[in-house]
Number of protein chains: 2
Amino acid sequence: MPLDDDTARTRLLDTAEDLFYARGVQSVGMDEIRGGSGVSLKRLYALYPAKEQLVEAYLGRRDLRWRGSLAAFVAAVDNPRDRVLAVFDWLGDWFREPGFRGCAWVNGYGELGATSAVVARLAREHKRAFAGQLAELVSAAGLPDALAPQLFLLAEGAMVSAAVLDDPGQADHARAAAAALVAAS
Amino acid sequence: MPLDDDTARTRLLDTAEDLFYARGVQSVGMDEIRGGSGVSLKRLYALYPAKEQLVEAYLGRRDLRWRGSLAAFVAAVDNPRDRVLAVFDWLGDWFREPGFRGCAWVNGYGELGATSAVVARLAREHKRAFAGQLAELVSAAGLPDALAPQLFLLAEGAMVSAAVLDDPGQADHARAAAAALVAAS
DNA sequence: GGTACCGGAGAACGCACGTTCTCACTCGGA
DNA sequence: TCCGAGTGAGAACGTGCGTTCTCCGGTACC
């Protein structure tokens, strides 16, 4: 039974996401993605004619999933002010997941931002979208707009340092700082 | 006149730093470093027997220079409390330098952290050292110890978002947040 | 039953690059 | 002057990998 395009795409993106996130883009060969997904090279190149397009699809799908997961988590919190802080609880949960290795877009920017305009753009767009999510939460909580970019920096700092220092507890520092900023505003 | 080892090393590290920082490690070939430095491949491999050792030397020298530059900048500020905030002024100056492309260790972690234990360790050590510098400034200003990791997150967030968003103004948000945290403590 | 297409497996190609080797040259010392 | 150790230029080697090509078995349709 031949694989239809949709499931082939899903399997490819699942494998690509696992491998690219865990090891970086350049150290994962197309052949390894073929092996992991069970999709033939011919099919792979029919669906994604170049590696960069597979990377683009991987980051695009992950962006939807990542922001959707965050949105669902904070939506479950009642108090609008608590929703702002819940962002950092969500980060802490994420940092503790096995295989956590930082932000896929920051890692991608570090690896390919200088050589791939596509990756640089996707990273910028993802960060802008995340900053927008925070701005909405801040606004809905009746907090001053100026708070949002500050919370954004705390979240970014937490992601990067949780990864580099291999310390999920960075989320707690970020949460404490965010609470102090909220209280002071 | 043959090049003595010290100047050969310096030229190699200068070239390596320019290229590795600007484009990432993997997209710069040893031959390009030879060309840029004017040091022959044979000499290059005599001084650094493998690319990873050149990367290690590059990151090591940059660490000393980076932290030294920060320390010198804040040391020139009189008031101990202003010294803490001066960190963010220094970051802003750095972000505005041409060729700024984020934190070399974060970029290196994203690119090679999963495949090179050396790079992962150097990134961790550098971040720990930077966090230590902040902790000393906070302590010298008579501020509570708990503030230091929070300022660290703001600084990390500023570096990452200034790079990815291509917006040096992120330093201002970080400075404002830092001032609020200092004031609230 | 034949035949023309489709998809999969994987070999092949071309190139880039880390590392090593060759070879001719220089220069200090007997 | 001769010799040999060290140096630089760059060719060569081996490997990995992105991409394409070949071949073959199956399957749908006449």
Side-chain angles (χ1 to χ4, degrees), chain A residues 1-59 107-108 111-119, chain B residues 1-59 107-108 111-119:
Chain A
M1 36 132 207
L3 227 51
D4 73 87
D5 280 6
D6 278 353
T7 59
R9 252 188 259 265
T10 303
R11 286 214 223 162
L12 284 170
L13 290 180
D14 286 347
T15 307
E17 186 161 4
D18 284 350
L19 295 174
F20 286 160
Y21 179 72
R23 308 219 312 266
V25 170
Q26 297 185 81
S27 74
V28 174
M30 294 299 262
D31 207 58
E32 201 169 352
I33 289 170
R34 175 196 57 79
S37 64
V39 174
S40 72
L41 265 192
K42 190 187 246 180
R43 203 86 119 84
L44 200 175
Y45 274 93
L47 295 171
Y48 302 102
K51 192 181 188 182
E52 191 172 54
Q53 301 187 35
L54 182 60
V55 172
E56 187 172 2
Y58 142 59
L59 288 175
N107 292 346
E111 182 178 2
L112 299 167
T115 46
S116 160
V118 173
V119 171
Chain B
M1 37 130 210
L3 229 50
D4 74 85
D5 280 6
D6 279 354
T7 58
R9 253 189 259 265
T10 302
R11 286 216 222 161
L12 283 170
L13 291 180
D14 287 347
T15 307
E17 186 161 3
D18 285 351
L19 295 174
F20 285 160
Y21 180 71
R23 308 220 311 267
V25 171
Q26 297 186 82
S27 73
V28 175
M30 295 298 263
D31 207 59
E32 199 170 353
I33 288 170
R34 175 196 56 80
S37 64
V39 174
S40 73
L41 265 191
K42 190 187 247 180
R43 203 90 118 85
L44 200 175
Y45 274 93
L47 295 170
Y48 302 102
K51 191 180 188 182
E52 191 172 55
Q53 301 187 36
L54 182 60
V55 172
E56 186 172 2
Y58 142 60
L59 288 175
N107 292 347
E111 182 178 3
L112 298 168
T115 48
S116 160
V118 173
V119 170

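The sequence lines fix the lettering, A, B, ..., with proteins before strands; numbering per chain opens at 1.
The distance from atom CG of L19(A) to atom P of dG18(D) is 12 Å, rounded to the nearest whole Å. With rounding to whole Å, K42(B) atom NZ is found 12 Å from dC23(C) atom P. Straight-line distance from the CG atom of D31(B) to the P atom of dA11(D): 10 Å, rounded to whole Å. Look at CD on E32(B): it is 14 Å from C1' on dG18(C), rounded to the nearest Å. One interatomic measurement links the two molecules: CG of L54(A) to P of dT19(D), which rounds to 10 Å at whole-angstrom precision. Rounded to whole angstrom, the span from the CG atom of L44(B) across to the P atom of dG6(D) amounts to 19 Å. One interatomic measurement links the two molecules: CZ of R11(B) to C1' of dG8(D), which rounds to 13 Å at whole-angstrom precision. Whole-Å rounding puts the R34(A) CZ to dG8(C) C1' distance at 10 Å.
Of the side-chain N and O atoms in K51(B), one or more sit less than 4.0 angstrom from OP1 or OP2 of dG18(C).
Distances from the side chain of L41(B) to the nucleotides dT20(C), dT20(D), dG18(C) place dT20(C) closest. Ranking dG8(D), dT19(D), dT19(C) by closeness to the Y45(A) side chain, first place goes to dT19(D).
Put simply, the side chain of K51(B) reaches to within 4.5 Å of the side chain of V25(B), judged on heavy atoms. Residues L13(A) and Y48(A) are in side-chain contact: their nearest non-hydrogen atoms beyond the backbone lie under 4.5 Å apart. Contact check for T15(A) versus D18(A): no side-chain heavy atoms found under the 4.5 Å cut-off.
For D14(B) and R11(B), the salt-bridge test fails: no basic side-chain N is under 4.0 Å from an acidic carboxylate O.
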